[in-house]
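In what follows, a single structure is set out as structure tokens and then discussed.
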Amino acid sequence: MFAPCVVGGDAAPILNNDFLRSLNASLSDHISLDVLEDKVKRSKRRLLNLLSKVGGWHSWSSLSSLNIIAVLFSSWIAEGYAMGVERLVVVSKGHAAPSVYSWLVEMGVIKESELEDFATPWSRLQSHLDALRLPGIVVYSTGSLGQGLSIANGIAIASKIDSIRREVAVLLGDGELDEGQVWEAIATASALKLDNVIAIIDRNMVQHTGFTEKVKPKEPLAAKFNSFGWYVLEVINNVKTIHSGLRTLSSINGKPKALIVRSNRRW
Amino acid sequence: MVIIVYSGSFRKAFGEALVEAGYLNEDIIVLDADTPKSTWTKLFANTFPHRFINVGISEQDLVSTAAGLAIAGKIPVVAGFSMFLMRGWEQIRNTISRDHLNVKIVGTHSGLSDYMDGASHQCFEDIALMRVLPGFIVLVPGDEIATRKIVLEALLEHKGPVYIRLGRDNAPKIYDEFEEFPIGKLKIIEDPGDIVLFSNGFTLGLALEVANELKRHGISTGVADVYTVKPLDKDGIIKLSKKVNLVVAIEDHSIYGGLGSAIAEVLSESYPKRILRIGIRDEFGVSARSFSQLIEYLGFTPANIALKIIEVYA
């Protein structure tokens, strides 16, 4: 299903990839949200198991992102396909890679056994998501924070120029919002009225050093996005609320949209 | 007698070449961070308003937005002052270089060309920063004709990331319109004798004047245009170096990491030979009222450079 492990691309457009289309098509069967929740539970065990093997590498970040990743990959993309919209997930918080890999196993895109090789030199499952090793699934190579929204904007602009019905969801960490570039991109998306961009903020209240509001306060987060001309919706972190939040956002036009996914519990 | 006239404009030649390329390939999208009047991308913006994006004064966003356009299949051209594009160097490194995206980055106002703006704007570090990036092509045209040809080649023919270093104005007149500039080759302008001068950009004009000066002192001197800094024409450099007693590199860039360094790397690995590097020696620039005032203040005049070379050569 994937191209073999490669280092060094050929400057071909990453989106010009059959896998993306096959993914859209193969997921066109709707999964009920109850089934999805069960799958997330199973995937969480798989994720915890994986994280335990690598000393709990960015555990919190991966765990809080799992619901979001599950809804995006297994519901949001499929629902878009049914409406004739090509949907794309940009993971800007690249250290949530274990969460993505665990979910790809659930989707049957990669084999469970492949997780054994996570973060080894010969594995395509690098610590941070790598676009050349997982073409089609990973939109750009991550690891450096704060860049995904700008990249999503670029894809969204190209889609508008070409009149392609394409929506780009960007998964951002709340700690990641400390990066100035994110706010440059927030302003750009608003200035260019990129209503095909959806920023999803995993508001797990923690960043590397600890509680986000102690390190550098993020609140009032929704008001900040609002003041930049974005449409903002806040939901709590579970499969059903994330799903309905995304559905609400899909009917909003004329401005970029943000979904703040809040979690207060320890993962 | 060689008389070099610095009446050309790198940025104007770039702006015009962009429009030409825009007509030939509609996938070309130009991005600027609020400097279209300075970089001359204004010509493209006026001709193809729907394919021009001004992201405002935000160079990191500029670079990553271009990456997104390339991911979606466009040929984005990022233009800005070379100094401030380097603000997005980490984004260039971690996305454009790592994913080998088809993004063209054009830095204008490089080196000494931005004489008025002083130390903050005079970028002597961009070649060092860009040539370490895997997969990048680094090109430095020497005059208007070279700029046009090299921009068209990089945008329309080459697939992959490219950095083009341009000056502002004060471009020397060197080539005629039939000259070709294949990527990866150097160009011999004058055959070497006792000495060979390697140069590029505006200093190529300077090198021709220096060669003239040296000839007046009875030292036969060749000049080669190394418009491709990466991939460097190693064979060409070794071949020319074998013919001479002294190798000299002249550039308006730091002596650390620039053209002189790149040539020294090749020579010390394959053909050990003494090399004199003329460039900016571990310092910052300064404001000047005119280009010539800055050149004179820094001792970048043909007579002064010739003197330095004679000191070493003698």
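Numbers restart at 1 for each chain; the letters A, B, ... are given by sequence-line order, proteins then strands. Basis for what follows: all heavy atoms, side chains included, without hydrogens, waters or symmetry-related copies.
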Problem set entry | Modelled atom types, side-chain donor and acceptor of A:Q147 and B:N94, under 3.5 Å | no

Seminar exercise, completed: Among B:D99, B:N102, B:I29, the residue with the most heavy-atom pairs under 4.5 Å to chain A is B:D99

For this session: Measure A:L192 against the heavy atoms of chain B and call it side chain, backbone, both or neither at under 4.5 Å.
Result: side chain

For this session: State yes or no: are the ring centers of B:W40 and B:H109 separated by less than 6.0 Å?
Result: no

Problem set entry | Atom group of A:V90 that falls short of 4.5 Å from chain B, counting heavy atoms | neither

For this session: Would you please say whether a donor-acceptor pair under 3.5 Å links the side chains of A:Q181 and B:Q91?
Result: yes

Exercise. Side chain, backbone, both or neither: which part of A:T142 has an atom under 4.5 Å from a heavy atom of chain B?
Worked result: backbone

For this session: Counting only heavy atoms closer than 4.5 Å, note whether B:L31 contacts chain A via side chain, backbone, both or neither.
Result: neither

Problem set entry | Pi-cation contact, B:F181 with B:K187 (under 6.0 Å, within 45°) | yes

Seminar exercise, completed: Cut-off 4.5 Å, heavy atoms of chain A, and the answer for B:K159 is both

Problem set entry | Centroid-centroid under 6.0 Å between A:W76 and A:Y81 rings | no

Problem set entry | Per-residue contact mode, A:A185 against chain B (heavy atom under 4.5 angstrom) | both

Problem set entry | Basic-acidic side-chain contact under 4.0 Å: A:D178, A:K218 | yes

For this session: Between chain A and each of B:R51, B:E59, B:E90, count heavy-atom pairs under 4.5 Å; write down the option with the most.
Result: B:E90

